[in-house]
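Residue numbers begin at 1 in each chain, while the letters A, B, ... track the order of the sequences.
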Amino acid sequence: MSRLLVKGGRVLDPSQGVDAALDVLLADGKVEKLGKRLAARGAEVIEADGLVVCPGFIDIHTHLREPGHEDKETIASGTRAAAAGGFTAVCAMPNTDPVNDTAGITRAIVERARSEGVTRVYPIGAITRGQNGEELSEFGDLQQAGCVAFSDDGKPVASARMMRRALEYARTFSVVLIDHCEEATLAERACMNEGPVATLLGLCGAPAAGEAIMVERDVLLAELTGGRVHIAHVSAAASLDAVRRGKARGVKVTAEVTPHHLFLTDAVVRESGYDTSTKMNPPLRSESDRVAVLEGLRDGTIDCIATDHAPHTVDDKHVEYDQAAFGIVGLETAVPLCLDRLVGPGVVALPQLVALFSTNPARVLGLPGGTLVPGSPADVTLLDLAKRGTVDPARFASRSRNTPFGGWTLRGWPAVTIVGGRVAWKAS
Amino acid sequence: MSFPHRNLLGIEPLEPAEILMILDTADALREILDRPIKKVPALRGKTVINLFYEPSTRTRSSFEIAERVLSADSLSIATAASSVSKGETLLDTARNLEAMNPDMVVMRHASSGAPHMLARHCSFSVVNAGDGAHEHPTQALLDALTMRQKKGRLQGLRVAIVGDILHSRVARSNLWLLTKLGASVVLAGPPTLIPPGLERLAQVTHRIDEAVEGADVVMMLRIQLERMAGGFFATTREYHRVFGLTAERVRRAKKDVLVMHPGPMNRGVEIASEVADGPYSVILDQVTNGVAVRMAVLYLLLGGSAEAAT
């Protein structure tokens with residue numbers, strides 16, 4: 001019987017409104033109890049003095065790249081990066097090679113995660129076979145094999161009819177569809193946000209409206225079908241507005257935002273002199289979009305913060321800006337960025353941030369965890385709010401280094417990551 | 001005074017005094033082109049590589065002549081004949097060239113920002129000979145040299161730039177240069193070909209007559225015929241009718257207006273032949289000044305001082 005006692009910390013569990021100095025006893029992979037001065041009685045003890053003890057953080061938007069792109073990331077390296085970033089679980093997007101569109105591939109991912117992963121891995125299946133937007137994948141089979149949601153991330157379902165059918169069909173299995181919202185014809189050849197910065201740089205831009213059009217469509221289709229849609233990485237003010245109106249009407253829509261869309265704008269493309277670590281999709285938007293998204297985070301329109309961790313090799317990025325791959329890594333920077341830039345200056349209160357990283361993502365996808373209620377999985381994230389550190393991509397556990405945040409000095413870092421009652425990572 | 005930059009990536013990063021230094025140096029060096037023996041030893045022993053990833057007639061021959069007049073050892077690489085066609089990356093090509101120890105690489109590339117990457121990773125000087133839709137600094141410099149020659153000044157001139165602003169590196173470089181030196185710029189074209197955000201730097205209009213009205217200079221930009229398929233305009237016929245520079249439209253400008261075009265021209269589309277070949281046209285003066293401006297850029301970046309040239 002493995003027992004772990006997290007002793008002397010400030011327990012912050014938004015799922016039950018707890019914010020108090022308590023010990024947490026974990027036994028046999030479950031939370032056994034929370035209480036004052038719990039006796040160790042043979043349990044291994046984690047001294048949590050000065051640390052914040054939270055339900056394990058869940059990243060609902062991760063690209064683990066395995067199978068098919070193991071040069072960028074593997075399930076082993078990606079979950080090590082997750083643990084080092086304070087995450088106890090990641091949801092793996094299906095745009096692997098082959099695409100995760102059949103139960104056999106899902107099972108292979110689950111199996112590999114069980115043997116080599118250091119955090120939990122929840123696979124996300126493709127909405128359509130091969131993400132080609134034409135034929136539905138077998139949601140039932142995929143769900144049985146372990147898929148927790150469905151998405152054609154990166155290649156959004158272009159046909160409104162197909163998206164409608166998928167939302168309807170998903171109701172059979174009570175699963176959520178996650179959509180990367182992008183009207184493809186408005187984003188042709190684009191490599192950044194359309195606007196004054198792209199104009200001066202001579203780069204082809206994608207207008208924010210191209211995202212909002214699809215968010216509006218998805219909200220209306222969710223309303224039409226009664227299906228549940230989750231909007232991935234909202235980056236535009238108009239998208240947020242569509243989500244807000246949808247929620248007000250009672251549509252089953254939820255939304256996430258990434259740290260880079262909260263803390264950066266397209267101005268950095270110019271300031272960095274075409275540095276390809278500023279290139280991702282959706283692109284960094286204008287300051288007014290950034291402010292709107294931040295406001296959506298504060299007022300609850302945004303349900304969770306997700307990394308969109310998108311590892312790429314140096315070769316994918318060390319090319320001309322318009323030729324470079326889209327995406328940045330995020331697992332090892334998301335939590336310190338949010339602690340430093342949101343909690344530090346008081347933009348978002350700590351309990352709300354913890355909910356955005358744990359309770360809410362668990363609720364959005366119906367995952368176990370996101371809570372320290374006795375009987376729930378023994379997944380715990382410990383934070384050190386006082387620790388100051390500098391982002392050093394050379395020391396990432398991820399196989400990739402593509403980040404625009406290298407060299408940023410941040411206050412507040414993950415300290416210990418506990419998965420299933422075992423220490424998966426501990427700050428050195 | 002020596003030029004304080006190692007590279008010429010664009011006009012945007014330059015101070016007005018630095019732009020004037022290049023123009024003054026070009027004025028001083030231009031005289032060499034009229035000599036019976038058009039050669040000076042200014043860059044003897046310097047190696048310059050012209051690396052052209054896009055086809056070019058004017059710019060490339062202009063750089064090559066400038067290099068030869070200044071006695072630099074130069075060679076030109078067109079990508080079809082190089083290892084680029086075998087899949088080599090830009091950085092690998094650049095590092096291989098770097099290993100041969102050139103003093104300068106003059107590069108044209110279809111990707112905006114490509115010369116910035118080269119400058120960041122290599123030790124030689126980089127001259128941007130046109131990158132995507134970003135900048136074409138030597139074109140703006142030769143345009144300014146031509147305007148200054150004909151008008152005696154840049155300050156206070158009203159310059160209309162007409163046509164496909166969206167895809168034009170010439171427009172962007174000219175916009176920076178002219179506004180830095182006190183000219184006022186009006187941009188004109190269909191809304192499909194004018195990208196957002198330029199209102200902060202220039203007057204923007206969708207009526208060519210408004211742009212040409214009272215202009216000291218009218219600069220016409222090439223309209224690429226493939227833009228028609230992209231839905232940027234309906235037909236070349238209508239484009240000419242609505243946005244083309246005709247003799248009738250030129251009459252709205254100042255009496256001594258200069259008509260410019262960076263080339264290559266589409267006669268009968270953005271510019272009527274009678275205008276291109278007419279009395280106001282300085283299109284061929286632009287080409288001649290191109291050599292002088294490139295001589296000045298090579299000379300200043302490779303260590304010459306403005307005083308020594310004059």
Side-chain angles (χ1 to χ4, degrees), chain A residues 183-210 236 238 265-279 283-289 312-326 402 404 406, chain B residues 7 9-13 53-54 84 87-95 107 109-121 126 128 130-137 164-173 175-176 179 187 193-202 204 229-231:
Chain A
E183 215 296 315
T185 63
L186 287 176
E188 264 170 33
R189 295 180 55 239
C191 52
M192 69 173 295
N193 180 46
E194 182 176 301
V197 182
T199 294
L200 293 182
L201 291 176
L203 290 172
C204 188
T265 66
D266 57 3
V268 300
V269 184
R270 183 154 175 241
E271 286 155 14
S272 69
Y274 296 91
D275 184 338
T276 58
S277 75
T278 62
K279 182 178 175 182
L284 299 171
R285 301 283 187 192
S286 69
E287 176 65 9
S288 59
D289 286 310
H312 287 295
T313 65
V314 172
D315 296 341
D316 299 322
K317 283 289 194 180
H318 235 144
V319 293
E320 296 86 324
Y321 199 87
D322 57 356
Q323 307 292 312
F326 289 99
N402 49 310
Chain B
N7 310 302
L9 301 178
I11 299 295
E12 191 198 345
Y53 283 85
E54 274 188 340
V84 174
E88 190 172 59
T89 66
L90 174 59
L91 270 188
D92 282 337
T93 301
R95 286 188 176 133
M107 184 171 76
H109 199 288
S111 296
S112 300
H116 302 68
M117 186 168 79
L118 223 60
R120 208 163 32 232
H121 293 283
V126 177
N128 181 2
D131 65 324
H134 177 231
E135 282 224 42
H136 190 353
D164 182 356
I165 311 292
L166 176 64
H167 300 97
S168 177
R169 50 195 174 213
V170 175
R172 286 171 179 76
S173 285
L175 181 58
W176 286 119
T179 51
L187 301 171
L193 291 172
I194 299 193
L198 292 173
E199 316 74 40
R200 301 171 199 185
L201 295 164
V204 175

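- Formation of a donor-acceptor pair under 3.5 Å by the Lys279(A) side chain with backbone atoms of Tyr321(A) is found in this model.
- Ranked by heavy-atom pairs under 4.5 Å with chain A, the list Leu118(B), Leu175(B), Leu90(B) is led by Leu90(B).
- Within the 4.5 angstrom heavy-atom criterion, no atom of Leu166(B) approaches chain A.
- When heavy atoms are compared at a cutoff of 4.5 Å, Gln323(A) approaches chain B solely by way of its side chain, counted from C-beta outward.
- The shortest distance between side-chain heavy atoms of Arg270(A) and Leu200(A) falls below 4.5 Å.
- Closest non-hydrogen pair, Met192(A) versus Asp266(A), comes out as CE-CB, 3.8 Å.
- Heavy-atom pairs under 4.5 Å with chain B peak, among Cys204(A), Gly205(A), Gly195(A), at Gly195(A).
- Contact check for Glu12(B) versus Arg172(B): no side-chain heavy atoms found under the 4.5 Å cut-off.
- For Ser272(A), the part lying near chain B is the backbone, with the side chain staying farther off; criterion is any non-hydrogen pair under 4.5 Å.
- For His134(B) and Tyr274(A), the ring centers sit closer than 6.0 Å to each other.
- Among the candidates Ser111(B), Gly197(B), Ser168(B), the residue making the largest number of heavy-atom pairs closer than 4.5 Å to chain A is Ser111(B).
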